[in-house]
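Structure record follows, encoded as structure tokens.
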Amino acid sequence: MEARSTVRLEVRNLCKIFADDPRPALALLKAGADKAEVLRRLNVNVGVVDASFDIRAGEIFVIMGLSGSGKSTMIRLLNRLIEPSGGDIRLDGRNLTALSKGELVEVLRRDMSMVFQSFALLPNRNALDNAAFGLEIAGVGKAERRAAALRALDKVGLSAYADRFPRELSGGMQQRVGLARALAKNPTIMLMDEAFSALDPLIRADMQDELLRLQREQARTIVFISHDAEEAMRIADRIAVMEDGRIVQIGTPAEIIRSPADEYVRAFFRGVDASRLLRARDLARCDDRVVLLDEEADPAPALRRLAERGVGYGYIRGHDGRFLGVLSRESGTLVSGLEPARGDDSLHGLLRRVASAPCPLPVVDGDGRFLGALSRAALLETLDRGGPRHG
Ligand SMILES: Nc1ncnc2c1ncn2[C@@H]1O[C@H](COP(=O)(O)OP(=O)(O)O)[C@@H](O)[C@H]1O
Ligand SMILES: [Mg+2]
């Protein structure tokens with residue numbers, strides 16, 4: 001793992017059973033029952049089962065899953081709007097589950113804000129006072145909270161609308177006020193439960209851009225619930241997929257598209273155009289079919305190595321570590337006219353080049369260093385994610 005990925009939230013074996021006494025349900029789950037069986041046998045709703053994961057500083061961590069899979073329960077456990085039935089949650093190493101209500105309020109007031117799907121704006125207050133509402137609840141004085149609310153409205157492009165009432169604002173603007181309310185606290189963690197789900201597709205895409213822009217300005221730790229695969233793919237650094245209260249997979253969008261854990265996960269992302277989401281670096285391989293050769297004055301030893309390895313092409317690295325070209329075993333020379341792809345190039349823009357290249361397309365980073373080769377097989381396998389359908 002890279003050094004910059006400091007863990008902010010550590011979740012271990014988290015459970016939520018909606019029952020006064022969770023023990024019978026926990027025992028059944030432990031014995032291998034699923035949520036449906038617990039409901040059938042005990043008439044008890046299972047919210048979250050044995051969830052363990054880390055959320056890193058500055059990342060957008062998206063939780064996905066079908067309706068009823070436990071997403072809202074999970075996010076509400078994170079700030080203890082719901083009390084867990086088991087397991088624990090650490091924030092910056094501090095065990096939240098062990099804190100008293102008073103201590104908890106202190107921690108959460110400082111660090112976390114929540115944004116909901118329904119904007120929850122107060123109709124008789126203007127945008128400024130709505131944006132200031134969270135701070136008002138937290139007991140911040142009037143001048144200070146209005147200043148913070150105005151700054152937050154400015155961040156979401158609504159400073160000119162501070163004195164408008166919710167009924168005078170469009171749905172998208174109302175959700176911006178909701179976002180401003182969360183931002184006004186200047187939280188380091190934002191919990192967003194389907195925050196954009198009620199918006200029209202175009203406005204929704206705007207809000208996603210807005211969130212990504214805010215994130216570039218100041219990276220907060222964001223837990224974002226969505227049931228929309230496109231949205232998740234667009235904004236997530238990592239995605240956790242939930243099914244029946246359990247987390248069935250956690251990974252980057254590319255990892256999940258490339259290797260979905262099961263048919264449920266695969267079905268979720270089936271409609272997504274992976275060629276626009278994935279980058280060359282996501283599929284570039286350095287496996288044993290990709291032979292790396294060091295630059296030499298005489299190509300003979302390199303050609304011998306290709307023959308020994310039984311491959312038609314070798315990828316040549318110069319003395320300075322930069323990629324030089326592809327050596328063809330057949331012609332004994334470099335393949336001409338073969339521009340390497342950049343790691344950040346989207347697959348969509350590379351389809352033609354991969355299809356027409358005589359060998360897997362070399363991929364290099366910004367410094368011209370070889371990252372791997374992109375083969376037609378890898379591309380097809382990833383883009384053709386058909387297969388048997390669910391149900
Ligand atoms: N307060 C509650 N009491 C009983 N069951 C609940 C309660 N809240 C949620 N549930 C149940 O927990 C499960 C997960 O719900 P939820 O977290 O809202 O799912 P999602 O947000 O993924 O749609 C569902 O089966 C739901 O019926
Ligand atoms: Mg929900």
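All figures in this text were calculated on a predicted structure; none of them were measured in a lab. Sequential numbering from 1 along the given sequence is applied to the chain's residues. We count ligands from 1, going down the list as the structure has it; atoms in each ligand are counted the same way.
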Distance-only N or O hit between ligand 1 and G70, under 3.5 Å: yes
Quick one: which of N45, L66, L39, V48 has a heavy atom closest to atom 26 (C) of ligand 1? N45
N/O/S from T73 sitting under 2.8 Å away from the Mg ion (ligand 2): no
For atom 18 (O) of ligand 1, what is the closest protein heavy atom, and at what distance to 0.1 Å? S72 CB, 3.8 Å
Using side-chain heavy atoms (C-beta onward) and a distance below 4.5 Å, is I247 in contact with F53? yes
Which ligand 1 atoms are under 4.0 Å away from a heavy-atom of T73? 14 (C), 15 (O), 16 (P), 17 (O)
Result of checking R41, K35, R40 against E37 for side chain to side chain donor-acceptor pair (under 3.5 Å): R41
N/O to N/O below 3.5 Å, does that happen between G68 and ligand 1? yes
As a quick check of understanding, evaluate salt bridge (Lys or Arg N to Asp or Glu O under 4.0 Å) for D50 and R12, giving each step before the final call. CA-CA 8 Å; D50 203 22; R12 291 294 174 273; over 6 Å; no
R76 heavy atom under 4.0 Å from ligand 1: no
Below 4.0 angstrom from a heavy atom of V46, which ligand 1 atoms are there? Numbered from 1 as shown, please. 12 (O), 13 (C)
Pair R342 + D365: basic N to acidic O under 4.0 Å: no
closest protein heavy atom to atom 1 (N) of ligand 1 is F18 CE2, 3.7 Å
To the nearest 0.1 Å, how far is atom 22 (O) of ligand 1 from its closest protein heavy atom, and which atom is that? K71 NZ, 2.8 Å
Taking 4.0 angstrom as the limit and counting only heavy atoms of K35, give me the atoms of ligand 1 inside it, by number and element. 13 (C), 24 (C), 25 (O)
Looking only at heavy atoms, which two atoms of L371 and C286 are closest? And how far apart? O-SG, 3.7 Å
Contact between I225 and ligand 1, counting heavy atoms under 4.0 Å? no
With side chains defined as the heavy atoms from C-beta onward, is the minimum distance between R329 and Y313 less than 4.5 Å? no
salt_bridge(D54, R90) N-O dist < 4.0 Å: no
Salt bridge or not between R213 and E217? Use side-chain N to carboxylate O under 4.0 Å. yes
